Amino acid sequence: MAAPWRSLRLVAPIGNRSTRGIHQLGGAVDPESSQKKRRTMLQYLSDHFYDVEFLRGYFLQNKMDKVHQKNRSFAHLEETHGPNNAGAFFILKQGGAVKFRDKEWIRPDKYGHFSQEFWNFSEVPVEAVDASDCAINYEGLENLHLLKELQSLSLQRCPHMDDWCLSRLYPLADSLQELSLAGCPRISERGLACLHHLQNLRRLDISNLPSVSNPGLTQILVEEMLPNCKVVGVNLAEGLKLGPEEQPQDTDRPIPA
Amino acid sequence: MLPRVLSLGVRRGPLTRRPGTLRGGFSLGKVVDDRWYCGSGVRPTSGCVPFRTRNRAPHWQDSGSAWGRGYKYWEEKLSEIKKKIQSVLPGTSLHPLYDSSHLPPDHSDVVIVGGGVLGLSVAYWLKKLEKQRGALRVLVVERDLTYSQASSALSLGGIHQQFSLPENIHLSLFSASFLRNINEHLAVVDAPPLDLQFNPLGYLWLASEKDAAAMENNVKVQRQEGAKVCLMSPDQLRNKFPWINTEGVALASYGMEDEGWFDPWCLLQGLRRKVQSMGVLFCQGEVTRFVSSSDRMLTKNQKEVKLKRIYEVHVKMDNSVEYQPVECALVINAAGAWSAQIAALAGIGKGPPDTLQGTKLPVEPRKRYVYVWHCPQGPGLESPLVADTSGTYFRREGLGSNYLGGRSPTEEEEPDPENLEVDHDFFQDKVWPHLAQRVPAFETLKVQNAWAGYYDYNTFDQNGVVGPHPLVVNMFFATGFSGHGLQQAPGVGRAVAEMILEGRFQTINLDSFLFSRFYLGEKIQEDNII
């Protein structure tokens, strides 16, 4: 790094805390808490009884199976209802929102019910998808490939989106103009490098990515990679402390030797 | 002949197999004794006491005095009592006199020689696919638990599906899906999830005029088998990657999904952690001997063939002459670059040439260099692993304009695999010119670091050896992958486990990777090896 940067110190990035969710009962803990001397009752029991350990493993497996079930393939709906409707159904089942061209946003309510009128649309392409907080993962993204004219995709705070998933976004390169990955806990700069396929992208949001090791540098490199795109999200001055040269000097003190 | 070391006052006893015979159990140290078992490891036929010259018994036993008879009597009695107690107590063996916790157990169903990624993968799948929990006792013997020379740890960690053989493509696809779901496969209760640091940027293979047709054919096969690979012309290449000089390039194939590179050390430790939680035993030691029994059988054409079965593995401890004989039912040779030595211990290759008995395992260690350099004007974040027409390859590492790369030397330039010293002149003369020619920005680069590692190079056809040996019936191979072992490890581990538990390959058919192809001369050549 060049001389002007040496006077600024960057704050260390926050750890990968959000993956605790899936592993909570199943038992994976983050490294910091495993250093603690006092373990929880559940961990103590797991260490001493095979049955408890097996039960925890069973719960973890159950959780993972639920995610797989949510991301099953919806390709069978393609021949009967058309690719757009099949893809929209997948997103709505996950809990996300869909916007067809010239129509309003279709959003499921808190019970998971949504309006079924979109089945009657024929050949109306899906323009925007808001899959924030959905449990969409690598297998589920295959269903997203059905939406050939998607222009805006929002994957904010998706807990299972990781670098492998980003390498699956390239089929949408022709139409995708807006992408938001804010707050996804598992995405790192290695996955962001795959976005170079999306040459039509005009707006990319990569704020609050805890697994990215160097947010400022990553943003600069991504901007270089996608010259036509506006990359949003990282405040380059965030977390920078003033170095000693810029500290307010005490005027009474004599000049140090 | 190995020198004999006798410990104080303990005699080896007649070397025929009787139930009460002490064999390395109750003694103050182990006797290293190879006089009778030279060469093929066939034990002498029962009933004859072998000729003993230097095995001088302690003086009080020569005469058959009361004390001598009594001592031998008590030895046998004690070993019988010990065996009775052992059969009652589960788990550890009883050694009241000294600590034997560093030794492997006395019995193990499967002994895996080699604790690298292939050996651990076989152990994982064996425990995963066993029919009943705890049905198999598996022991992994690793000579160097720091993995200082292991190919898995020193590897670049790349994974790609751009092979010409369908089996290789399937193995790679299986491994990619394993790595993608690694936190489901290798989940251990109360352990943090694994972060493989996978970089999904793919491989870019460049082909010159004469290789273009072959590359197109290969890409067709790859797409048929399910790999997501696309072909690019030089113009498209220049558009996408402006830092490439496309002179001499006729065609390029670019992997879009499931290809990239990851951290092999993380995979190794993750496998180790999971495999230990499943109950596989680890032992630090070196396999020095296989003791086997043999059967002479007649083939259909009335030709005599000798089938061997290994029943004991001698594991020697580090920096000591102490060894532990482990009784086993199966041995898996996953020793990587040193597999040929292990195979030779089992007697593979001892026979007249051009016979099945005389076919050696053609795996030898080959040294490969990896160089790390810094180039601030180099290719950007989106650069894949580029494999040039000349065999040079490089990839970007991290955010700071560092690059890793190297080149496979030709047969004449092969370095001496005795140690892992790096030859920097090789970079200057053989690697840098090609790099600079392909990527003009690399004309100004500065080498930061370099290391060397071994390929377990299969001199026959550079593809792995998987499956049982036809004559040594309980030795299975999982070695010889010549540089792409890491990316095929999960698939191969599963294949070997299926072969052992079901008797045939189920998920991926690796029949063409069996040992017998060396004798039959059927080469399965793989083109895309770097």
Side-chain angles (χ1 to χ4, degrees), chain A residues 1 16 19-20 22-23 26-34 39-40 42-43 46-47 50 52-57 60-61 64-65 67-68 137-139 162-168 170-171 186 188-197 199 211-214 217-218 220-222 224-226, chain B residues 133-134 159 176-202 228 230 239-243 254-263 270 273-274 277-279 376-385 395-401:
Chain A
M1 293 230 186
N16 204 353
T19 48
R20 255 193 99 163
I22 184 180
H23 294 289
V29 296
D30 31 51
E32 298 95 56
S33 62
S34 61
R39 292 169 305 166
T40 64
L42 205 55
Q43 285 170 32
S46 302
D47 288 342
Y50 281 127
V52 177
E53 188 182 3
F54 181 75
L55 207 62
R56 288 179 81 188
L60 175 61
Q61 193 60 44
M64 293 189 198
D65 286 343
V67 173
H68 282 307
N137 71 3
Y138 186 85
E139 280 96 33
D162 60 8
D163 299 331
W164 293 86
C165 303
L166 287 184
S167 74
R168 248 200 172 174
Y170 68 90
R186 291 202 194 172
S188 71
E189 65 270 15
R190 298 176 285 275
L192 291 178
C194 296
L195 298 177
H196 75 276
H197 289 288
Q199 286 301 323
S211 291
V212 169
S213 54
N214 227 322
L217 185 55
T218 310
I220 292 171
L221 288 170
V222 171
E224 261 179 34
M225 198 169 78
L226 294 169
Chain B
R133 201 176 149 182
I159 175 168
S177 79
F178 182 88
L179 294 174
R180 203 185 318 130
N181 298 317
I182 197 169
N183 278 316
E184 289 182 28
H185 292 284
L186 302 187
V188 176
V189 171
D190 283 340
L194 287 172
D195 179 19
L196 271 186
Q197 316 234 341
F198 180 70
N199 204 322
L201 285 170
K228 310 273 193 314
C230 73
N239 264 345
K240 203 157 189 96
F241 305 116
W243 36 264
Y254 186 31
M256 311 284 273
E257 263 187 61
D258 281 347
E259 291 195 4
W261 54 91
F262 61 96
D263 179 15
R273 190 179 74 179
K274 175 68 176 174
S277 85
M278 286 164 126
Q377 321 300 336
L381 198 60
E382 75 280 2
S383 67
L385 197 153
R395 65 159 169 93
R396 197 187 160 118
E397 171 69 32
L399 293 173
S401 294

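Computed over heavy atoms, backbone and side chain alike; hydrogens, waters and symmetry mates excluded. Because the structure is a prediction, the values reported are computed rather than measured.
Once rounded to the nearest 0.5 Å, the distance linking CG of Leu381(B) with CD1 of Ile220(A) reads 12.0 Å. Taking CG from Asn137(A) and CG from Asn181(B), the interatomic distance works out to 8.0 Å, rounded to the nearest 0.5 Å. Rounding to the nearest 0.5 Å places CG of Leu217(A) at 5.0 Å from CG of Leu399(B).
Inter-residue side-chain proximity for Tyr138(A) and Glu257(B) is flagged as met; some heavy-atom pair is nearer than 4.5 Å. Between Asn199(B) and Asp163(A), every side-chain heavy-atom pair lies at or beyond the 4.5 Å cut-off. You'll find the side chain of Arg56(A) reaches within 4.5 Å of the side chain of Asp190(B), heavy atoms only. No side-chain heavy atom of Phe198(B) sits less than 4.5 Å from a side-chain heavy atom of Asp162(A). Side chains of Lys240(B) and His196(A) form a contact here, defined as non-hydrogen atoms less than 4.5 Å apart.
In terms of heavy-atom pairs under 4.5 angstrom with chain A, the leader among Glu184(B), Lys228(B), Arg180(B) is Arg180(B). For the set Gln61(A), Gln199(A), Glu189(A), Glu224(A), the entry with the most heavy-atom pairs within less than 4.5 Å of chain B is Glu189(A).
In terms of heavy-atom proximity, Leu60(A) sits nearest to Ala187(B) at CD2-CB, 3.8 Å. The heavy-atom pair separating Gly57(A) from Val189(B) by the smallest distance is N-CG2, 4.2 Å.
Residue contact with chain B, scored on non-hydrogen atoms closer than 4.5 Å, involves the side chain of Ser46(A) exclusively. Residue contact with chain A, scored on non-hydrogen atoms closer than 4.5 Å, involves the side chain of Phe241(B) exclusively. Residue contact with chain A, scored on non-hydrogen atoms closer than 4.5 Å, is absent for Glu259(B).
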